[in-house]
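By convention here, the first residue in the shown sequence is residue 1. All ligand and atom numbering here is 1-based and tracks the order in the structure.
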Amino acid sequence: MKLPKILVARAVFPETVARLRTHFEVEDNPSDTVFDAAELSRRLQGKVGAFTTGSERIDAALLDAHPQLRVVANMAVGYNNFDIPACTARGVLATNTPDVLTETTADFGFALMMATARRMAESEAFLRRGEWTKWTYDMFTGSDVHGSTLGILGMGRIGQGVARRGALGFGMRVIYHNRSRLLPEQEAPIGARYVDKATLLREADHLVLVLPYSASSHHAIGAAELAAMKPTATLTNIARGGIVDDAALAQALRERRIAAAGLDVFEGEPRVHPDLLTLPNVVLTPHIASASVATRRAMAELAADNLIAALTGGVPPTPINPEVLAQKGAA
Ligand code: DGY
């Protein structure tokens, strides 16, 4: 029997690839080359499914070149690399990996915020350079996390996870801004207060970004927003590059218009704005917020679950555009 053909566009756990091979003829990418658009299109010849990461762009042109493609399964919760309306218009199911990474990503967001507030990267580099010769009363003094005001922009599952850690673990006052307000029963246990964006910027001691990237969130934090923040505030971005104007942020950090930033995501990553690399008051990590072994395994398995279900008549657990399934059911 001929098995359906799929592409696993990036290197992933061998166990996941082996499981996919029990259902499909799999072309994988163990050398983990990041395919450009032309190469991705070449590799998708004859494939009905694609296992992707946030690095592979699935747009209308690619979909038009591959009318046989039926499902694209992202091993990521974010899916700004997918043109969802284009997928839906062509009856291509798109899936992502929500929930399995929520707590791990919230852990990391909180850790990055703490590292930023307490100047951990900067002080560690100082120590490694051999510059630590004596204790000093004001050496690497930062700002307190406990008891301060935590601002969250984007109060989805991960944002709520960061808020829970702050409120319940560190006695932080939580304010947030989001497209829609949480239900009172979601706000109450963490004492979260919904505020407009201007209030959030003005009042947060530590602002954490956890909103999805879209045209409307592009440069949601730029020069004007940074100018509205407290000079003692920190900014942490675990969402997506492009939500922050990195050039404006570098300038604000250099001029100490905010105290510090923690960044796990960057505009045009894996490139990093060169000015950020030269600044001491920014903690930089390479897009690893979901990177615990257990969570990355869970993400890979969930992406595989989605592919397998979509191509073998099952119910994909986490569709982004479930209307495609409804259309197929009705057909
Ligand atoms: C996600 O899941 O969206 C993470 O950012 C990894 O890409």
When only distance counts, is [X] in polar contact with ligand 1, meaning an N/O pair under 3.5 Å?
| X | value |
| --- | --- |
| R240 | yes |
| M75 | no |
| L101 | no |
| H287 | yes |

Whether [Y] and [X] form a salt bridge (side-chain N of Lys/Arg under 4.0 Å from carboxylate O of Asp/Glu) is what I want to check.
| X | Y | value |
| --- | --- | --- |
| E203 | R193 | yes |
| D205 | R173 | no |
| R240 | E269 | no |
| R19 | D305 | yes |

Residue A76 vicinity, atoms of ligand 1 by number, heavy atom under 4.0 Å: 1 (C), 2 (O), 3 (O), 7 (O)

For atom 2 (O) of ligand 1, grab the closest protein heavy atom and report residue, atom and distance to one decimal in Å.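 The answer is V77 N, 2.7 Å.
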
In terms of ring plane angle, is the pair F170 and F110 parallel, tilted or perpendicular, where the classes change at 30° and 60°? tilted

Measuring from S290:OG to M75:CE, what's the distance to the nearest 0.5 Å?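 Result: 7.0 Å between the selected atoms.
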
Is it true that G78 lies under 4.0 Å from ligand 1, counting heavy atoms only?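 True for this residue.
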
